[in-house]
Amino acid sequence: MSPRVVVAGASMGGLRAAEQLRAAGWTGAITVVGDEPAMPYNRPPLSKEVLAGRESFESLAFRPRASTADVEWLLGTAVTSADLARRVVGLGNGAELAFDGLVVATGMRPRRLRCPGPAAGRHTVRTMADARALRSELTRPGVRVVVVGAGFIGCEVAATAVALGAAEVTVADPEPLPMLRPLGGLLARELRTRHEARGVRFALGTGVTAFNGTGHVEDGTGHVTPGAAVEGADHVTGVVLADGRTLPADVVVEAVGSVANTEWLAGNGLDLADGVLTDELLRVGGLPYVVAVGDVARFPNARYDGVPRRIEHWSIPGDTAKRAARTLAAHLTGTEPDPEPFAPLPTFWSDQHDFRLQSFGAPTLGLDDIRVLEGDLGGDVVVGYHAGGRLAGVVALGGPAATAAAARHRAGLLKQPALTP
């Protein structure tokens with residue numbers, strides 16, 4: 001049988017891995033396996049432009065490169081197990097695929113709240129199917145929306161719901177400010193002010209303990225009386241908070257973090273504590289024929305302190321795929337791997353209402369030393385995050401002028417030497 005690389009995961013990371021394997025000179029077979037039926041597509045617009053109806057679902061598909069025309073795509077079936085010693089993966093349809101090289105690109109899934117109450121009316125935003133289901137509810141007149149979680153997705157969905165004309169939009173979170181962990185207090189306070197000015201309400205500093213619901217009662221003639229509270233209610237009507245309040249809700253969006261899809265790798269002696277641990281070459285478990293890419297990979301970044309971290313930024317699938325493909329192709333062709341330290345610059349942006357958050361670097365490493373670099377809070381502003389006297393990351397908040405200013409600081413971040421060899 002001809003040599004084969006199996007890419008487990010058919011999202012952006014899997015696509016970029018296939019492209020980069022070809023770019024690295026791998027001419028053997030490539031099979032990409034994914035549980036969704038669609039070809040790889042761009043996910044960030046799901047909570048913004050697509051959810052708002054400004055862009056179509058069809059516009060999300062990535063344009064395939066000519067170099068990957070011969071790649072085999074097995075869609076609509078998940079990778080469910082792996083035996084790395086035997087070099088085979090098991091599929092959801094019961095089949096097995098043998099491989100010479102394996103790329104772990106299974107990404108993550110949204111974390112769900114484990115609270116009593118009905119499931120209907122509760123949504124996450126990760127797939128096109130998720131966004132379609134949520135949009136159909138957000139466009140109903142007079143809808144009341146509660147978003148649980150004040151992170152990136154939660155704030156984006158809240159802004160989109162306001163734009164769609166929701167009657168009420170409330171964001172609940174145990175933290176005292178929205179996006180506090182990734183941004184720190186300075187920008188988080190300003191972000192709350194801007195959201196509130198545009199109609200978003202906040203219920204902060206308290207968690208969710210349950211969901212209320214309303215079912216129906218039949219009178220024996222087939223007539224249904226809506227609004228009767230019953231055990232095992234069929235649709236959410238409220239969110240019960242730990243402080244005793246109940247937020248009325250017709251739609252709930254759970255945006256409470258993510259879980260890395262690593263269960264299929266169990267039993268291989270790997271560190272799966274938070275994603276799959278890799279070395280600086282993105283090799284998994286010390287195996288030269290297994291690499292990981294995207295937001296499932298927990299890897300050391302030589303640009304900073306070398307501590308392995310899992311990063312869910314849009315830039316990471318492309319950065320990790322390029323490095324992992326070179327590593328894997330070198331092993332499969334009997335050449336030496338790239339010795340240059342892997343030091344990607346993480347990048348993210350988040351469009352909310354009429355402003356954008358744009359970040360370069362690792363702001364979370366400098367939350368104890370935050371300084372305004374340009375502009376001022378309340379307008380266009382660029383904030384710097386410092387660690388050990390060194391600029392670790394920058395975040396811009398505002399319009400195009402702020403984004404352009406952040407890009408200038410990005411150049412400075414790239415010029416800084418890596419901290420670890």
Side-chain angles (χ1 to χ4, degrees), residues 1-41 61-107 261-262 264-270 276 278-279 281-294 296-297 317-339 342:
M1 192 173 84
S2 61
R4 176 183 302 275
V5 171
V6 169
V7 181
S11 191
M12 183 181 179
L15 172 64
R16 297 292 180 245
E19 293 171 347
Q20 292 299 327
L21 280 165
R22 290 289 184 243
W26 173 250
T27 58
I30 300 175
T31 299
V32 184
V33 185
D35 58 351
E36 287 191 70
M39 287 290 286
Y41 58 89
F62 290 115
R63 181 176 299 177
R65 297 181 183 178
S67 62
T68 60
D70 60 347
V71 169
E72 178 185 20
W73 295 86
L74 298 181
L75 302 176
T77 184
V79 176
T80 56
S81 64
D83 188 327
L84 301 185
R86 290 177 52 221
R87 301 196 190 193
V88 296
V89 293
L91 307 183
N93 60 13
E96 282 191 341
L97 272 180
F99 62 81
D100 298 274
L102 175 65
V103 180
V104 178
T106 41
N261 293 318
T262 59
W264 64 281
L265 288 167
N268 288 285
L270 304 177
V276 56
T278 80
D279 64 12
L281 298 180
L282 295 176
R283 296 174 298 202
V284 174
L287 301 173
Y289 53 87
V290 183
V291 294
V293 304
V296 73
D319 291 336
T320 54
K322 187 173 184 178
R323 182 52 178 263
R326 292 203 301 262
T327 296
L328 186 56
H331 168 72
L332 294 173
T333 58
T335 59
E336 290 297 315
D338 184 356
F342 184 50

### Task
Taking atom types as modelled, find out whether Thr327 and Arg283 have a side-chain donor-acceptor pair closer than 3.5 angstrom.
no
How close do [X] and [Y] get, counting heavy atoms only, and between which atoms?
{"X": "Pro40", "Y": "Ala10", "answer": "CG-O, 3.2 Å"}
{"X": "Tyr289", "Y": "Ala85", "answer": "OH-CA, 4.3 Å"}
{"X": "Ala17", "Y": "Ala325", "answer": "O-CB, 4.3 Å"}
{"X": "Ala297", "Y": "Thr278", "answer": "CB-CG2, 4.3 Å"}
{"X": "Thr320", "Y": "Gly294", "answer": "OG1-N, 2.9 Å"}
{"X": "Gly285", "Y": "Leu270", "answer": "CA-CD2, 3.8 Å"}

If only atom types and distance count, is the side chain of [X] paired as donor or acceptor with the main-chain N or O of [Y] below 3.5 Å?
{"X": "Arg323", "Y": "Asp338", "value": "yes"}
{"X": "Thr80", "Y": "Gly90", "value": "yes"}
{"X": "Thr106", "Y": "Asn261", "value": "yes"}

### Query
Name the one of Leu282, Leu21, Leu281 that satisfies side chain to side chain contact (heavy atoms under 4.5 Å, CB included) with Leu328?
Leu21
### Summary
In Val291, Leu287, Val79, Leu84, the residue satisfying side chain to side chain contact (heavy atoms under 4.5 Å, CB included) with Leu102 is Leu84
Looking at side-chain heavy atoms only, is the closest gap between [X] and [Y] below 4.5 Å?
{"X": "Leu15", "Y": "Met39", "answer": "no"}
{"X": "Val284", "Y": "Leu265", "answer": "no"}
{"X": "Ile30", "Y": "Arg22", "answer": "yes"}
{"X": "Val104", "Y": "Trp264", "answer": "yes"}

So how far is it from [X] [atom1] to [Y] [atom2], rounded to the nearest 0.5 Å?
{"X": "Asn268", "Y": "Asp83", "atom1": "CG", "atom2": "CG", "result": "6.0 Å"}
{"X": "Thr68", "Y": "Phe62", "atom1": "OG1", "atom2": "CZ", "result": "12.5 Å"}
{"X": "Phe342", "Y": "Arg326", "atom1": "CZ", "atom2": "CZ", "result": "8.5 Å"}
{"X": "Leu75", "Y": "Glu36", "atom1": "CG", "atom2": "CD", "result": "9.5 Å"}

### Task
Begin from the C-alpha positions of Arg4 and Thr31 and carry the test side-chain hydrogen bond (donor to acceptor under 3.5 Å, both in side chains) through to its verdict.
CA-CA 7 Å; Arg4 176 183 302 275; Thr31 299; 2.3 Å; yes
### Task
Please assess Leu332 against Val5 for the test side chain to side chain contact (heavy atoms under 4.5 Å, CB included), listing each intermediate value before the final yes or no.
CA-CA 9 Å; Leu332 294 173; Val5 171; 3.6 Å; yes
